[in-house]
Chemist: 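Below you will find the structure I want to go over with you.
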There are 2 protein chains.
Amino acid sequence: MSGAGQEIRARGSRAHETRDRIVDATIQLLAREGYGSITTRRIGEVAGVKYQLVHYYFASMEDLFIDAFRRGAEENLARLAEITDGEASLRRFWKVNSDAGASRVMVEFVALAQRHPALRLEIATYARRFRAAQLEFARAALARESLAADHIPPVVILLLTTGLAQLEAHDRLIGLTDGHDETRTWIENWLAANTTPVKE
Amino acid sequence: MSGAGQEIRARGSRAHETRDRIVDATIQLLAREGYGSITTRRIGEVAGVKYQLVHYYFASMEDLFIDAFRRGAEENLARLAEITDGEASLRRFWKVNSDAGASRVMVEFVALAQRHPALRLEIATYARRFRAAQLEFARAALARESLAADHIPPVVILLLTTGLAQLEAHDRLIGLTDGHDETRTWIENWLAANTTPVKE
DNA sequence: GTCTATAAAGCGATAGAC
DNA sequence: GTCTATCGCTTTATAGAC
């Protein structure tokens with residue numbers, strides 16, 4: 001899935017350059033201004049193409065959203081695979097899971113999905129896959145290096161850290177960052193004190 | 001603030017019945033269908049009044065949003081005050097902080113606020129107040145009943161649990177509930193094992 | 001593949017009768 | 001306070017020239 005997408009872009013196929021720019025612009029707009037700013041005109045503006053071309057490449061907005069979501073999802077899965085391709089550690093887990101940027105875009109896609117059922121299905125399928133992969137990694141990390149003292153289930157670690165990343169992204173939208181640094185520092189100290197890393 | 005609002009509704013003033021229905025419909029629509037469904041026509045439909053009356057009672061949509069947000073905020077603060085009006089306990093803190101419904105509406109208001117600066121200020125002010133009150137309660141609860149073994153800062157408890165509530169609400173939008181029950185059960189067991197409640 | 005032109009629908013907001 | 005009517009604007013989407 002990720003391979004096919006990469007291949008097309010790697011080949012530098014001219015035929016799909018405009019199409020790629022449209023998809024890129026969609027993701028950029030979602031990340032920067034939220035889904036309320038998603039219109040064919042704004043997308044064309046950001047992509048540097050006439051907005052009518054959006055309709056040439058995509059039968060409907062929903063088709064565009066699904067394509068854009070798939071690209072983002074593939075990149076997330078590839079990045080997750082890259083980071084987790086090695087010895088499992090809670091530190092690595094925390095690193096890949098605390099990315100606020102990805103949380104932000106994901107929230108916007110879910111908001112869009114409220115009005116686009118096909119997109120909602122696509123998101124649900126991906127979210128289960130991504131969570132399962134994260135859970136597997138957290139499980140391996142906890143099995144290897146957690147202290148016997150506290151046996152926190154991997155799924156609890158997963159939901160608490162995912163929720164924290166999402167909350168931080170959400171807070172930042174209204175300029176609220178109270179407690180963010182303190183919480184991150186505490187978690188890092190906790191990781192240092194409660195795990196026995198074999199090698200980094 | 002909360003008192004004034006309550007007073008008007010308690011009096012049952014006929015003059016503001018339509019206005020109240022419009023505000024109610026706005027909050028309902030946000031909770032049920034998200035901010036993408038917020039239009040004067042949809043609001044009028046849900047409220048059972050002609051949509052033009054929205055403009056009679058509110059100079060602009062932003063004014064309506066701010067009024068609706070204030071009503072919800074006042075109710076949240078009143079509910080928080082009610083629950084925390086007694087001896088502080090982590091169990092009570094978890095109860096008031098794990099409300100997924102309030103999280104959902106809050107997320108929608110923040111999404112709306114991206115395009116309405118005055119609303120954003122209103123939300124930021126309220127969020128700081130609400131967080132501060134929650135933090136104070138968490139601090140008191142931890143000081144009273146946490147075991148000496150783990151000294152988790154109150155702000156860490158606050159952000160982790162708030163993030164979890166928000167994540168659950170977000171997950172549910174796409175029909176994803178994997179791990180929710182397990183995590184809640186674990187937290188409740190953790191509370192039972194790691195706190196020494198004086199009385200409930 | 002990209003352009004101009006335009007259709008069809010929905011939006012917030014206002015004017016004026018009652 | 002509520003109604004009908006309508007303005008001016010933006011949206012998605014399509015048609016047809018090049």
Side-chain angles (χ1 to χ4, degrees), chain A residues 8-9 11-27 29-30 33-69 108-109 111-120, chain B residues 8-9 11-27 29-30 33-69 108-109 111-120:
Chain A
I8 288 169
R9 283 196 297 282
R11 252 193 238 123
S13 166
R14 287 276 152 66
H16 294 112
E17 209 179 284
T18 301
R19 187 190 162 99
D20 277 354
R21 286 155 70 117
I22 289 170
V23 172
D24 285 344
T26 303
I27 297 175
L29 263 173
L30 279 180
E33 305 181 23
Y35 96 103
S37 300
I38 292 288
T39 65
T40 51
R41 283 167 175 79
R42 288 286 290 130
I43 290 170
E45 207 175 293
V46 172
V49 303
K50 291 277 170 185
Y51 69 86
Q52 292 92 334
L53 285 177
V54 173
H55 296 295
Y56 175 78
Y57 285 101
F58 301 93
S60 71
M61 293 292 274
E62 186 168 28
D63 287 340
L64 167 59
F65 297 151
I66 291 176
D67 247 54
F69 177 77
E108 295 299 330
F109 270 115
L112 267 177
Q114 291 302 105
R115 326 203 85 202
H116 301 283
L119 177 60
R120 184 154 65 243
Chain B
I8 289 171
R9 284 196 295 281
R11 253 191 237 125
S13 165
R14 286 278 152 67
H16 294 113
E17 209 178 285
T18 301
R19 186 190 163 99
D20 278 354
R21 286 156 69 114
I22 290 170
V23 172
D24 286 344
T26 303
I27 296 175
L29 263 173
L30 278 180
E33 305 182 23
Y35 95 103
S37 300
I38 292 289
T39 66
T40 52
R41 283 160 178 83
R42 287 284 291 132
I43 290 170
E45 207 175 292
V46 172
V49 303
K50 292 278 171 186
Y51 70 86
Q52 292 93 333
L53 286 177
V54 173
H55 296 293
Y56 175 78
Y57 286 102
F58 302 93
S60 70
M61 292 292 274
E62 186 168 27
D63 287 341
L64 166 59
F65 298 150
I66 290 175
D67 246 55
F69 177 78
E108 296 299 330
F109 270 116
L112 268 178
Q114 292 302 107
R115 327 203 85 202
H116 300 284
L119 177 60
R120 184 153 66 243

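First the proteins, then the strands, lettered A, B, ... as listed; each starts at 1.
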Chemist: Determine: side-chain N/O of A/R41 to OP1/OP2 of D/dT10, distance under 4.0 Å, yes or no.
Modeler: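 The answer is no; no side-chain N or O of A/R41 sits under 4.0 Å from OP1 or OP2.
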
Chemist: Rounded to the nearest Å, what distance is computed from the OH atom of residue B/Y57 to the C1' atom of nucleotide C/dT14?
Modeler: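 These atoms are roughly 17 Å apart.
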
Chemist: Rounded to whole Å, please give me the gap between CG in B/D20 and P in D/dG1.
Modeler: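 Answer to the nearest Å: 13 Å.
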
Chemist: When we call it a touch if two heavy atoms are under 4.0 Å apart, what does A/I38 touch: a base, just sugar-phosphate, or nothing?
Modeler: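 It contacts sugar-phosphate atoms only.
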
Chemist: Is the backbone of B/I22 close enough, under 3.5 Å, to the side chain of B/Y57 for a donor and an acceptor to pair up by distance?
Modeler: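 Side chain of B/Y57 to backbone of B/I22, a donor-acceptor pair under 3.5 Å: no, none is there.
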
Chemist: Is the phosphate of D/dA13, meaning OP1 or OP2, less than 4.0 Å from a side-chain N or O of A/H55?
Modeler: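 So the side chain of A/H55 is within the cut-off, an N or O lying under 4.0 Å from OP1 or OP2 of D/dA13.
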
Chemist: Check whether A/Q114 reaches the backbone of B/E33 with its side chain - one donor and one acceptor, N or O, closer than 3.5 Å.
Modeler: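 Here the side-chain-to-backbone pair does not exist.
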
Chemist: For B/E45 and C/dG12, give me the distance from atom CD to atom P, rounded to whole Å.
Modeler: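 Rounded to the whole Å, the gap is 13 Å.
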
Chemist: Atom CG of B/L53 and atom P of C/dT14: how far apart are they, to the nearest Å?
Modeler: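 B/L53 atom CG is separated from C/dT14 atom P by 15 Å.
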
Chemist: Could you give the OH-to-C1' distance, from B/Y56 to C/dA17, as a whole number of Å?
Modeler: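 Rounded to whole Å, this separation is 15 Å.
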
Chemist: Would you mind reporting whether B/Y56 and B/R19 have side-chain heavy atoms less than 4.5 Å apart?
Modeler: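 No, too far: nothing below the 4.5 Å cut-off.
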
Chemist: Could you walk me through whether A/L30 and A/L112 pass the side-chain contact (heavy atoms from CB on, under 4.5 Å) test, one step at a time?
Modeler: CA-CA 10 Å; A/L30 279 180; A/L112 267 177; 4.0 Å; yes

Chemist: If you compare every side-chain N and O of A/T18 against the phosphate oxygens of C/dT2 (OP1, OP2), does one of them come in below 4.0 Å?
Modeler: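 Yes, within the criterion.
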
Chemist: Rounded to whole Å, how long is the line connecting atom CZ of B/R115 with atom C1' of D/dT11?
Modeler: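 Whole-Å distance recorded here is 12 Å.
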
Chemist: Send over the distance from B/M61 CE to C/dT14 P, rounded to a whole Å.
Modeler: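 In whole Å, C/dT14 P and B/M61 CE are 13 Å from each other.
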
Chemist: Of the nucleotides D/dT2, C/dC3, D/dA13, which has the atom closest to the A/K50 side chain?
Modeler: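 Nearest to the side chain of A/K50 among the choices is C/dC3.
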
Chemist: Could you please name the option among C/dG12, D/dT2, D/dA5 that lies closest to any side-chain atom of B/Q52?
Modeler: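 Nucleotide nearest to B/Q52's side chain: D/dA5.
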
Chemist: Using only side-chain N and O atoms of A/Y51, determine if any of them is under 4.0 Å from OP1 or OP2 of C/dC3.
Modeler: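 False: A/Y51 side-chain N/O out of range (4.0 Å or more) of C/dC3 OP1/OP2.
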
Chemist: Can you check the A/L112 CG to D/dT12 C1' distance for me, whole Å?
Modeler: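 About 15 Å, once rounded to whole Å.
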
Chemist: For the pair A/R115 (side chain) and B/G36 (backbone), establish whether a donor and an acceptor sit closer than 3.5 Å, ignoring hydrogens and angles.
Modeler: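 Here the side-chain-to-backbone pair exists.
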
